Structure formats: structure tokens, C-alpha cells
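Encoded as C-alpha cells, the structure appears first; notes follow it.
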Amino acid sequence: MSIRTRFAPSPTGYLHIGGVRTALFNWLFARRLGGQFILRIDDTDTERNRSEALQPILDGFRWLGIQWDEGPEVGGPYGPYFQSQRLESYKAAAMKLLEGGHAYPDYMTKEEQDAERKAAEAAKKPYIHRGPHRESSTAECVRLYREKPTTLRFKVPTRRDSIVEDLICGQCVQKTDLIGDPVILRANGSPLYNFASVIDDIAFEITHVVRAREHLANTYTQVLFWEALGAPMPKFGHIPVVNEPAPKPGAKYAPGVKPPNKNKKLSKRDMAKFVTPEIKAQLNAIGWTDEQIAARDDLNPATVAFYRELGYLPEGLINYLGRLGWSLDDKTEFMTVKDMIANFSLERVTDSAASFDPEKLYWLAGEHMKQLPIEQKIVGCVPFLVKAKLVTDPLDAATSTRLHRVVEAMGDRLKLFSDILLYAPPFLKADPDYHPEAVENVLKKPGNAELLREVAKVLSACEPFDTATTEKAVIDFANARGIKPGPLNQPMRVAVTGVSRGPGVFETLAIFGKDEVLRRIELALVQI
RNA sequence: GGCCCUGUCGUCUAGCGGUUAGGACACAGCCCUUUCAAGGCUGCGACACGGGUUCGAUUCCCGUCAGGGUCACCA
């Protein structure tokens, strides 16, 4: 039998990092074993415009390269894949349980039940709900329900254990006497999540239910559904949750802002607090205004959209999330999706919750960027340059050549696509913007003006005007003058680019070409 | 509160009775480079605590403590 896993998001309008990790494990597991990964949409309780709220989730998965074999937009033989379109099947299953003596109508109102619950709490006793008709005959229950439909409850068997065989947690046991009879159908006929989920898993022939640890407690109830329905039990894997980052030692937080808590589950709502001044500055630097940031409530470090907007490589995010709670061995950190698919196993998923570390994610994103062919780096960078109005898309031939050389010269300095804005602007503007600090600290240093004039002469004699030739010429010049060549680098860099940071200085000169370099040195001399 | 789950450097993790407790991120220093990255080297830094079992416990058992989850007509 083929392996079938699933991920069941609610259409919330954003794709949460923790959810992606769960989906990723499901996907990797299915791919590893040659099975199918299904996307099911849990939309029974949503008032919102579903397609609008669903789209960001599908976009996110597509961007990450997590393809679903069945589900929205791709369909599949077990459809529909929206719970809102499967309501009849839940009712039918509930009727089957009713007629099989596994369910009973419960006319107790919510208020009455709340009162019982409170009384139990006051008595410091667990509240285990058992409805009055629990002991009525099956025929009587069916008759009552037909006559006067109401809330339908599952009859939890007594005096035994509910056992969950979990691939990650091992065998987990709960006494059924501690499980209250759960509502499976509301009076209006709509199902509850815990029940609908099982009916779908049966209908979709899910073989492995891999989901967050917080569902483990639900599972004791759910396995009873599977039993009562006589359906084959899937295997379970309850993966530990993803927690908030640990606060940086010595980090300061604005008054009223709670620091992150590494013991707390990473949630989108709470993560809004991590749109710190630093994060905001990061977004500002790539062209987002404060108003735009405020308008995009999914633009925070708990969502996939955030990393996409900042130009993270999806491969880096996949690698990071895959390593969060799972490891291949004692040293492997860098992995391609292929590596992960070839090696993933639930046995090697950790037992304990892991806290999300944005810095390690950043590092891994950079490691993956190193591997990316230059043409693809350029493709990824262009949107950021367009947004910054430094280029227009499509690029003209001259800009395209220039950009290629800039990205090449940047080398490993490019970790995120948005990093292009840290280095490329001086190369794409007609004239250098001389940074006052650079002018002050470098150009105006005594003697540098004279040196620049001499270097200009040396450079003007270079033929061809490439990295090796200019470098040799400058070193020869320094040797002839009896000075060290190193100190000439910064004056040259600032003269030509206006800033004191950039790729190697001789690469920089080569990108501009002789005439432009000489012209820019003249401009620089005027600054002094 | 009941029940369930979890506890190795700040963080992610390796370990599955005998290891100088390994790797990675971060941090610090040095080298390279008078930029910034990358790279190389070095350092800092952990088995929550207390009992057992054992010749020997990070590892197995029990307890304590701590954290989390769940006890819904939410998903």
C-alpha cells in the first residue's frame, strides 16, 4: 500500500513557519517512501473569503517547492479537498456511529454543561461528561435523534486504555475513563474538527498522520473513532512544536515589549512583537514604508512571506526547517531538498520542542546562495533593484552586463537577494554619491589626494584594464615609491564608488573600465 | 487541579552503559585582507536535581523540580 500523508491548514491568509515545518515533514516522509502528500483545507469554521485567505498559503508552498499531489487546484481522486464540501460525509459517518451504538443524542444545553464543569472544577475533580442517554438502547437513541435532532456525542468505551502507537513518542496510553464523551455533530449537523479530521483521514486513506505534538491528547479520542468505524488505523507521528527564539543575551527591549520566550510556541499573533526596530529598518532598507509594513500583518518573522520578501532562498528555509527537530547525523547541516528526501525518517525526529533561531536560518540561506549559479542570483536580485528604481525590467544589454559583473564581484557577500542593495547601487548610478564619512576618513587623509593623482596616471597606462594588470601596476607603483600597496585600496575604492565598503578594489576598477575610473577619480579630487 | 509529553553548551543537535561528551549557529580572539564578506585556526560554553540498578551512568528505573500540551458544541 502506498504511503499517504497530509497537511490540513485552515485558510488564515498566511503561511506560518511552524505549519510549514509540519507540512515539510509530511512531504519529506511521503517523498522518501514514494507516497503521496495531500493538502486538505480545514475551512468548516471560517467566515472569511476562502480563496483569498487560501492563496497566500498555496503561494507559500509553491515558492518553497513543496508540491502537493492532491488538494486545491490540483484535484485528485479522493476530492473534494475542502472540508466545507464534505459535510455530508461527516453526517453519514456520525449516523453510522449512532446506528452502530457508538453515539447518542445529548439534549443537555451548553449552560447546563458549563454548570457541571464548574462544579467539578470547584470540587477539584476532572470533568468527564457522560450524557443521560448514554445508556439508552441503540434503537432508542436512533428514535430520539430522528424525532428531535440534537447534539450527537460519541460513546467513549469505559474501563480500558486508549493506546496511541506513535512513531516519535512511542506508545502513549490514556485511560478512557478520563476521556469525556466528545460531541461529534452539533445540533445543526456541522461536525467538530476532531471528528471531521478522522473521517477525512479515513476517506483519503491516510496512512501516516504526522502533526504537531499538541494534537497528541486529541488522538486518544480519535483512535476510538477509528475503532468504532472499523477503519484501518493509520500510524501516528506527533512532532514537537516550534518555539519562539531564545532572547539574545544582553538584548534590550522597549518598555512594554515582552522579550521572546523560548518555551512558548511560535505563534503569528505573538510574533508581531518581533517586528522590532531592527526588523523594520531591514524592511525599510529594501523599500518598504512603515505604512506598507503595518498594512501587511503577515510581514513578521513567524511567516514564510517575511523571508520571501527579504530575498531568502527557499532552499535555505527548507534546509533550516528540516534541521529543526530532525537531524541526519552528528554533523550534517547543509542539505539540499534531495538530500533530505533521500534520508528523512520519523525515527530521527527529536523528542523535545525546538526554538526557532533566525540567525542560523540566515547562515543557511547564505550557504545555499553560495551554491546558486550566477544567472539565477541575478534573476533573484532584479526585483529588489527594480523596486529601488535602480534598474528597469527587462534590463538593457549594458545594465545586464554590468549587473552580471557586480554580482560576480560580490561573491559570497550576497546571502539574501536583497543584499544586492548593499553593494550594487554605486555601480548602477551615473555618478558616485560621496559618503561624507568616507570622504572625511579616507579621501581627506593627508597625502591621499596626491597619491590618487599618481595612481590615476599609473592606471591610465594600464592595458588591458583588467584585475591582474591594474593590481600589478599599483603594486609596482607602491614598490617604486617605497610604500605599502595596501593603503592605496581605500582611497581608490572611495574615489570610484563614493563608499568605503565594496567588493575587491581591482574588481571594482575593472567593472567601471579605464575611462570611467579616471573620470571618477577626477570627481573625487574635487571633493577634497 | 487531573491526565499526557519533554528536559545535553545561549540556540539547533550527536550520543542509545565505559567518549578528553562530538558537530553547527551565535559570541570572543588570532591569521588572511588596511573595506565588507568568505575562508583558516583558537577559545568560551552543556548532560536540571536527588535517589537507586550496575564494577561503571548523560544513557536504564524511581522521585523532585522546571517547561509544554490537553481537559470545548475552536481548528
Side-chain angles (χ1 to χ4, degrees), chain A residues 8-10 12 42-46 83 106 108-110 113-114 117 120-121 123-129 150-153 164 166 169-170 172-175 178-180 182-188 190-194 196-197 212-221 238 240-241 243 245-250 261-265 320 323-334 348 350-364 366 370 410-415 419 422-423 438 442 484-490 493-494 497 499-505 508:
Chain A
S10 291
T12 51
D42 283 11
D43 58 352
T44 50
D45 199 52
T46 340
Q83 285 197 322
D106 190 5
M108 186 180 271
T109 65
K110 185 139 197 309
Q113 205 197 135
D114 283 345
R117 196 193 324 278
E121 257 170 43
K124 292 219 184 269
K125 282 190 168 175
Y127 175 60
I128 315 290
H129 182 87
T150 183
T151 302
L152 209 55
R153 278 187 194 271
V164 177
D166 193 283
C169 308
C172 299
V173 181
Q174 171 76 282
K175 289 182 173 56
L178 265 15
I179 303 173
V183 172
I184 56 178
L185 232 50
R186 296 184 183 93
N188 69 5
S190 67
L192 269 89
Y193 161 80
N194 219 21
S197 181
R213 190 75 122 237
E214 64 212 72
H215 291 283
L216 180 56
N218 283 335
T219 312
Y220 297 115
T221 309
H238 285 95
V241 296
N243 284 343
K248 292 283 287 175
N261 180 350
K262 73 184 176 74
N263 295 317
K264 212 169 156 204
K265 197 179 97 175
Y320 177 72
R323 270 288 286 107
L324 196 62
W326 174 79
S327 65
L328 172 57
D329 54 30
D330 58 340
K331 42 179 68 82
T332 308
E333 298 288 345
F334 181 93
R348 289 196 64 84
T350 334
D351 280 332
S352 51
S355 69
F356 181 76
D357 181 1
E359 281 171 339
K360 190 154 183 179
L361 166 59
Y362 176 71
W363 171 75
L364 263 174
K370 285 182 188 172
M410 276 180 72
D412 295 341
R413 292 170 184 83
L414 189 81
K415 295 176 162 186
D419 288 341
L422 262 28
Y423 292 93
V442 180
K484 288 189 171 181
L488 294 170
N489 290 356
Q490 281 300 74
R493 172 176 287 111
V494 174
T497 64
V499 295
S500 53
R501 281 171 154 215
V505 68
T508 299

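What you are looking at is a predicted structure, and each value in this text was computed from that prediction instead of being measured. Just so you know, these numbers use all the heavy atoms, side chains as well, and skip hydrogens, waters and symmetry mates. Chain A is the first sequence line, chain B the second, and so forth, proteins listed ahead of strands; every chain is numbered from 1.
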So if I take every side-chain heavy atom of [X] and compare against [options], which nucleotide ends up nearest?
X      : options             : result
A/L192 : B/A75, B/U11, B/C12 : B/A75
A/R323 : B/G67, B/A75, B/U13 : B/U13
A/A354 : B/U13, B/C73, B/A75 : B/U13
A/E214 : B/G69, B/G22, B/C12 : B/G69

So what does A/N188 touch, heavy atoms closer than 4.0 Å: a base, only the sugar-phosphate, or nothing?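 If one applies the 4.0 Å heavy-atom cut-off, A/N188 turns out to touch nothing in the nucleic acid.
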
Using a 4.0 Å heavy-atom cut-off across all strands, classify A/S190 as base, sugar-phosphate, or nothing.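 No contact.
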
[N] pairs with which nucleotide, Watson-Crick or G-U wobble, both distances below 3.5 Å?
N     : value
B/U54 : none
B/G17 : none
B/G1  : B/C71
B/G63 : B/C49
B/U35 : none
B/C25 : B/G10
B/C30 : B/G40

Once you round it to whole Å, what is the distance between [atom2] of [N] and [atom1] of [X]?
X      : N     : atom1 : atom2 : value
A/H238 : B/G68 : NE2   : C1'   : 15 Å
A/K262 : B/A48 : NZ    : C1'   : 11 Å
A/H215 : B/G68 : NE2   : P     : 18 Å

CG of A/D106 to CD of A/Q113, rounded to nearest 0.5 Å, is 7.0 Å

Do you know the tightest heavy-atom contact between A/L324 and A/S355? CD1-O, 3.8 Å

For residues A/A438 and A/V494, report the shortest heavy-atom separation together with the two atoms involved. CB-CG1, 3.8 Å

Hey, does the side chain of [X] reach the backbone of [Y] with a donor-acceptor pair shorter than 3.5 angstrom?
X      : Y      : value
A/N243 : A/K262 : yes
A/D43  : A/Q83  : yes
A/R348 : A/W326 : no
A/R213 : A/S352 : no
A/D329 : A/T332 : yes

Heavy-atom donor-acceptor pair, A/K360 side-chain to B/A24 base, under 3.5 Å: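 Yes, a donor-acceptor pair under 3.5 Å.
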
For B/G23, does the base pair up with any side-chain atom of A/E333 as donor and acceptor (N or O, under 3.5 Å, distance only)? yes

Between A/Y320 and A/Y362, does the ring centre distance come in under 6.0 Å?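 Centroid distance A/Y320-A/Y362: not below 6.0 Å, so no.
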
Rounding to the closest angstrom, what is the interatomic distance between [N] and [M] at atom [atom1]?
N     : M     : atom1 : result
B/G18 : B/C47 : C1'   : 16 Å
B/G1  : B/U59 : P     : 28 Å
B/U54 : B/C61 : P     : 16 Å
B/U58 : B/C9  : C1'   : 14 Å
B/U11 : B/C71 : C1'   : 32 Å

N or O in side chain of [X] less than 4.0 angstrom from [N] OP1/OP2:
X      : N     : result
A/S355 : B/U11 : no
A/Q113 : B/C73 : yes
A/T151 : B/C73 : no
A/T44  : B/A75 : yes

Are A/P182 and A/N194 side-chain neighbours, meaning at least one heavy-atom pair lies under 4.5 Å? no

Could you tell me whether the side chain of A/L422 reaches within less than 4.5 Å of the side chain of A/R413, counting heavy atoms only? no

Donor + acceptor pair across side chains of A/R493, A/T497 (<3.5 Å): no

Give me, pair by pair, the N or O atoms of the protein and of nucleotides 27-37 of chain B that are less than 3.5 Å apart, along with how far apart they are.
| residue | atom | partner | partner atom | Å |
| --- | --- | --- | --- | --- |
| B/U34 | OP1 | A/N489 | ND2 | 3.2 |
| B/U34 | O2 | A/G486 | O | 2.9 |
| B/U34 | O2 | A/P487 | N | 3.1 |
| B/U34 | N3 | A/P487 | N | 3.2 |
| B/U35 | O4' | A/Q490 | OE1 | 3.3 |
| B/U35 | O4' | A/Q490 | NE2 | 3.1 |
| B/U35 | O2' | A/S500 | O | 3.0 |
| B/U35 | N1 | A/R493 | NH1 | 3.3 |
| B/U35 | O2 | A/G502 | N | 2.8 |
| B/U35 | O2 | A/G502 | O | 3.0 |
| B/U35 | N3 | A/R493 | NH2 | 3.1 |
| B/U35 | N3 | A/G502 | O | 2.7 |
| B/U35 | O4 | A/R493 | NH2 | 3.4 |
| B/C36 | O2' | A/Y423 | OH | 3.1 |
| B/C36 | O2 | A/R413 | NE | 2.3 |
| B/C36 | N3 | A/R413 | NE | 3.1 |
| B/C36 | N3 | A/R413 | NH2 | 2.6 |
| B/C36 | N4 | A/R413 | NH2 | 3.4 |
| B/A37 | O2' | A/D412 | O | 3.3 |

Please list, pair by pair, any protein nitrogen or oxygen found under 3.5 Å from a nitrogen or oxygen in nucleotides 2-7 of chain B.
| residue | atom | partner | partner atom | Å |
| --- | --- | --- | --- | --- |
| B/C3 | O2' | A/Q174 | OE1 | 2.6 |
| B/C3 | O2' | A/Q174 | NE2 | 2.9 |
| B/C4 | O2' | A/Y220 | OH | 3.3 |
| B/C5 | O2' | A/R213 | NE | 3.1 |
| B/C5 | O2' | A/R213 | NH2 | 3.4 |

Nearest-nucleotide 5' precedence on RNA chain B, A/K331 against A/R348: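 Its nearest nucleotide lies further toward 5', so the answer is A/R348.
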
